[in-house]
Colleague: 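Below: one structure in structure tokens.
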Amino acid sequence: MKHTLHKTVKNLIATACFAGLANASFAGEPLATTNLNSRVDALLARMTLEEKVGQMCQYVGIERLKEDWKEAKPPTRNDRIPMYPDLTFGTLEDMVRQGKIGSFLHVTTVEEANRLQALAAQSRLKIPLIIGIDAIHGDGLVSGATIYPASLGLASCFDESLEEQVASETAQETRANGSQWTFAPNVDVARDARWGRTGETFGEDPFLVSRLGVAAVRGLQGHDGPDANHILACVKHAIAGSQPVNGLNFAPTDVSEHTLRGVFLPPYLAAFKAGVGSLMTAHHELNGVPCHANRWLVEDVLRRECGFNGFAVSDWMDIEGLVTIHHVAANQKEAVYQAVMAGLDMHMHGPGFFEPLVELVKEGRIPESRIDESVRRILRVKFKLGLFEQAQTPLNSAAEVTYCAAHQQTALDAARKGIVLLKNEQSLLPLDAKRFKHILVTGPLAGTQATLGDWVTPQPNKNIITVQEGLKQIAPAGCEVSYYDCGSKARATKPEAIQEAAKQAAAADLTVLVVGENTMRFDYADKTSGEEVDRSDIELPGNQLALVQAVVASGNPVVVVLVNSRPIGSEWTMDHVPAVVEAWEPGCKGGQAVAEILFGLVNPSGKLPITIPRSAGHIQTIYNHMPSQNYRKYVLGQTEPLFWFGHGLSYTTFKYDDLRLPDKIKAGENVAVTVDVTNTGKRAGDEVVMAFVHQEVSSTTTPVKSLQAFKRISLAPGEKKTVELTIAYDQLALFNAEMKRVVEPGEFEIIVGDLVGKFTVL
């Protein structure tokens, strides 16, 4: 017993030493303390200016840097880094040993993560690194990870508990693979379908985005995190870059403060209340001031007003962008000055930050106390993540959790719930195998990994079920499913392939045509969506509309399955194809989920988290628009969208009855809403019950309706459930002409299903 106790004490001492005396305190305080603030202050007091600034510096992982190496021989220590040509690989390693780097990103193996942490352990104070990665819907930059549906597809589930589960499993895999920080969730409110990052968001509604953003933060960090069993979340991109000029990423956003506070700020505020530990500012300029140099935004609004107390990281090289893109700084040193004084705490990524910042402090332009603020925030997170106690990742941890059976099941469940049935004329779906004995599946997205979405490296084929594979696996006996590979290029389906597809469609009983967009991160030649891939229109890209038209002209029934990361405004398709399924980007099990829905093994239940406009000319057609937006009509076309937010069909029917709510409420009282929902069809199904609010008369304009509560329920055939929803008093607030958020007395409408009720706020 004594020997065992002695060994335990020795291990504890060794751990404390490895932590660089991070537990130490001064001025007569005890040497060891478990108080977080004391640990941070003790360590900060021992740091030199250079060591402090080093904590604010982030670099790309060394193995990722080696991918840019074009020489035949492997790079050596003395070779220069293509991405950082002023540095050699050896110099970068030395900088870690010297405490001049506090973070890396895009490290994709446990082995590399541990090597980098071992280098940090050789520094004077042995401060561990925090390693970040874009684990947006699964740890997708790691080969073999579980890939869940992309965020817009997850939003279609209207299921907070499912979103939290997906985020929790993503955290497990990310941590097991050596990273402790993800640049997610994206809580931008998407209001322009041309914008390529729409699919990375939770859609167009501030309330839905807020609720799902909170669920993601809790799943990633834990409810009291971040901690040693979770990872750090990062809400992005502050703020309003999802409504850019011309739909282009990086382009300016010019919105009123009313819109900024009423539409774009609520998801951030909700995430801050949930304890999110980091924040990323946005590429663009907001009302003339680049977000990376916007002290009013970061310090005044997000920190002081909204209570954000984590650390803020720049987006990719965006401090440099103050010089090269926005032209608000004459040189890199001035850009660093502006960004740090605006409230940024960490530079993503590379050289050009450390030296200018040290100089600025020594010159007295930036007080060292400002640096202390940033470093204190970063160190707090590293302590909370348990990195000082355990920076090394066990080598066997990745194999135990990555793509495990439980995570695969969650991915499948999410795909099933998130797929939206947009159109189903004459009940063509579910497919009757007795009627359709020969089904052709074709289209450029039928047999590719495009179902995985953005922020995903090519995955092992054995882990992925494509749509054509899913249909072949799920088809009942006696139903033949054939696949015609018409090419996998969303942007370049060849005319001869279109002719052949139409020929084979004419010989089949029915065609499942899989079209849409390609968001695969590294398929640069064919990408049509994703980060930095914006479009001037929202029709099917390339020759895909011609493919749809040719297959429809064959004369046999057609089902279109859309695989895409943002709304596709294809009027012709919606007018001429009897059944259309919006699959979004359904993840590693997406092909199975699509097939199960087409053959009726699963009843579709997804609802649109975003309005689908008719065309690019209809962009800004959002469901929660102001009353005057639809006051006038287009002279030569329809004004209404193809499908409104919340649309989604089922193979059963639901009836809403007996809406109950109070006649009047007093200041501070919540609104209790109750409604009966009955499954009036012959199939079990899920329904998303949504409650929308509209204030009839107000001092400033308010939307025609806005979502304020929702609940997903399951009903057997003939079953009735009483659904209770609560709308908090604060949710009735508006911003008045003085930009004060107030609840104004008056009459309100509540819309639930096809029912409308009214109540009065006294």
Side-chain angles (χ1 to χ4, degrees), residues 20 22 40-41 43-61 84 87 92 95-105 116 119-120 123-132 180-181 183 232 234 236 238 277-281 291-293 295 298-299 302-303 308-322 329 332-363 365-385 387:
V40 171
D41 290 342
L43 181 54
L44 189 63
R46 297 193 58 184
M47 298 174 72
T48 66
L49 172 62
E50 288 75 13
E51 288 169 333
K52 293 175 183 178
V53 173
Q55 289 299 301
M56 302 170 68
C57 296
Q58 183 183 70
Y59 281 75
V60 172
Y84 306 141
L87 299 177
L92 188 60
M95 290 168 63
V96 184
R97 293 189 184 96
Q98 295 162 6
K100 292 183 176 180
I101 297 177
S103 177
F104 279 89
L105 77 161
L116 293 172
L119 291 174
S123 65
R124 185 178 76 90
L125 294 176
K126 299 177 172 54
I127 301 174
L129 304 164
I130 182 170
I131 299 176
Q180 309 87 29
W181 180 20
F183 308 117
L232 178 69
C234 180
K236 63 181 187 184
S278 67
L279 162 83
M280 182 181 292
T281 41
C291 293
H292 277 65
R295 183 176 177 83
V298 179
E299 288 292 327
L302 300 181
R303 288 198 186 278
F308 174 61
N309 60 10
F311 72 82
V313 62
S314 75
D315 206 339
W316 185 277
M317 307 278 301
D318 274 352
I319 293 177
E320 288 77 357
L322 298 177
Q332 178 67 7
K333 186 174 180 179
E334 291 305 307
V336 171
Y337 173 81
Q338 291 183 25
V340 172
M341 293 307 291
L344 288 190
D345 303 307
M346 185 179 288
H347 170 242
M348 179 195 290
H349 61 91
F353 182 80
F354 180 91
E355 291 82 1
L357 185 51
V358 170
E359 289 179 11
L360 286 163
V361 176
K362 290 183 176 180
E363 293 168 359
R365 293 187 63 197
I366 295 180
E368 190 166 352
S369 60
R370 169 66 193 91
I371 306 303
D372 290 348
E373 291 176 356
S374 291
V375 179
R376 185 174 282 107
R377 292 164 186 155
I378 294 167
L379 292 178
R380 279 180 60 86
V381 167
K382 290 185 176 183
F383 275 116
K384 292 179 75 172
L385 287 166
L387 290 171

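Side-chain atoms are counted along with the backbone in the values below, which use heavy atoms only and exclude waters and symmetry mates.
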Colleague: Contact between I378 and M346 at the side-chain level, heavy atoms closer than 4.5 Å - yes or no?
Modeller: yes
Colleague: For the atom pair CZ (R295) and CD (E299), what is the distance rounded to the nearest 0.5 Å?
Modeller: 5.0 Å
Colleague: Output the distance between atom NZ (K333) and atom CD (E355), rounded to the nearest 0.5 Å.
Modeller: 11.5 Å
Colleague: Measure from the ring center of W181 to the ring center of F311 and say whether it is less than 6.0 Å.
Modeller: yes
Colleague: Treating K384 as the side-chain partner and G277 as the backbone partner, does any N or O pair qualify as donor plus acceptor under 3.5 Å?
Modeller: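 Not a single qualifying donor-acceptor pair exists.
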Colleague: Got a sec, which residues hit side-chain hydrogen bond (donor to acceptor under 3.5 Å, both in side chains) with R365, two or more places apart in sequence or on another chain?
Modeller: E334
Colleague: Please name the pair of heavy atoms, one in A293 and one in A342, separated by the smallest distance, quoted to 0.1 Å.
Modeller: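 Answer, listing the atom of A293 first, then A342: C-CB, 3.6 Å.
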Colleague: Let's go through L105 and V60 carefully: what are the C-alpha distance in whole Å and the side-chain angles of both, what is the deciding distance for side chain to side chain contact (heavy atoms under 4.5 Å, CB included) to 0.1 Å, and is it a yes or a no?
Modeller: CA-CA 5 Å; L105 77 161; V60 172; 3.8 Å; yes
Colleague: With the side chain counted from C-beta on, respond yes when V381 and S278 share a heavy-atom pair under 4.5 Å apart, and no when they do not.
Modeller: no
Colleague: Salt bridge or not for E373 and R370, using N-O below 4.0 Å?
Modeller: yes
Colleague: Hey, what do you get for CZ (F383) to CD1 (I127), rounding to the nearest 0.5 Å?
Modeller: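 If I round to the nearest 0.5 Å, the distance is 8.0 Å.
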Colleague: So, taking the atom named CG in L119 and the one named CG in L92, what distance separates them when rounded to the nearest 0.5 Å?
Modeller: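 Interatomic distance, L119 CG to L92 CG, rounded to 0.5 Å: 9.0 Å.
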Colleague: Side-chain contact test, heavy atoms from C-beta onward, threshold under 4.5 Å: evaluate it for D318 versus T281 and give yes or no.
Modeller: no
Colleague: So which atom in R376 and which in L44 form the shortest heavy-atom distance, rounded to 0.1 Å?
Modeller: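 Minimum heavy-atom separation between R376 and L44: NH2-CD2, 3.2 Å.
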Colleague: Do the rings of Y59 and F104 sit parallel, tilted or perpendicular, given the 30° and 60° boundaries?
Modeller: tilted
Colleague: Which value, rounded to the nearest 0.5 Å, describes the distance between L302 atom CG and L279 atom CG?
Modeller: 6.0 Å
Colleague: Would you call E50 and R124 a salt bridge, using N to O less than 4.0 angstrom?
Modeller: no
Colleague: Testing the basics here: between G352 and P356, what is the closest heavy-atom pair and its distance to 0.1 Å?
Modeller: O-CG, 3.5 Å
Colleague: Where is the tightest heavy-atom contact between L387 and L129, given as atom of each residue plus distance?
Modeller: CD1-O, 3.4 Å
Colleague: Compare every heavy atom of Q180 with every heavy atom of L385, then report the nearest pair and how far apart it is.
Modeller: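 That closest heavy-atom pairing would be CD1-O, 3.9 Å.
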Colleague: Is any side-chain heavy atom of M348 closer than 4.5 Å to a side-chain heavy atom of S314?
Modeller: yes
Colleague: Got a sec, which residues hit side-chain hydrogen bond (donor to acceptor under 3.5 Å, both in side chains) with Q58, two or more places apart in sequence or on another chain?
Modeller: S103
Colleague: Ignoring hydrogens, what is the shortest heavy-atom contact between G343 and A312? Give both atom names and the distance.
Modeller: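 That would be O-CB, 4.0 Å.
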Colleague: Would I319 and Q332 count as a side chain to side chain contact (heavy atoms under 4.5 Å, CB included) if you check the C-alpha gap in whole Å, the side-chain angles of each, and the deciding distance to 0.1 Å?
Modeller: CA-CA 8 Å; I319 293 177; Q332 178 67 7; 4.2 Å; yes
Colleague: Would a 4.5 Å heavy-atom cut-off, applied to side chains only, mark M47 and L379 as touching?
Modeller: yes
Colleague: Evaluate the ring planes of H349 and Y84, with Trp represented by its six-membered ring, and classify them as parallel (under 30°), tilted (30 to 60°) or perpendicular (over 60°).
Modeller: tilted
Colleague: Is any side-chain heavy atom of V53 closer than 4.5 Å to one of K100?
Modeller: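 SC-SC contact between K100 and V53 ruled out.
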Colleague: Would you check if there is a donor-acceptor pair between the side chains of E320 and H292 at a distance under 3.5 Å?
Modeller: no
Colleague: Can you list the residues that meet the side-chain hydrogen bond (donor to acceptor under 3.5 Å, both in side chains) rule with K52, with sequence neighbours excluded?
Modeller: E368, D372
Colleague: Going from CG on L322 to CD on Q338, what distance comes out if it is rounded to the nearest 0.5 angstrom?
Modeller: 6.0 Å
Colleague: Any Lys/Arg nitrogen of R380 or D345 sitting under 4.0 Å from an Asp/Glu carboxylate oxygen of the other?
Modeller: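 D345 and R380: not salt-bridged.
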Colleague: Side chains of I371 and L357: does their closest heavy-atom pair fall under 4.5 Å?
Modeller: yes
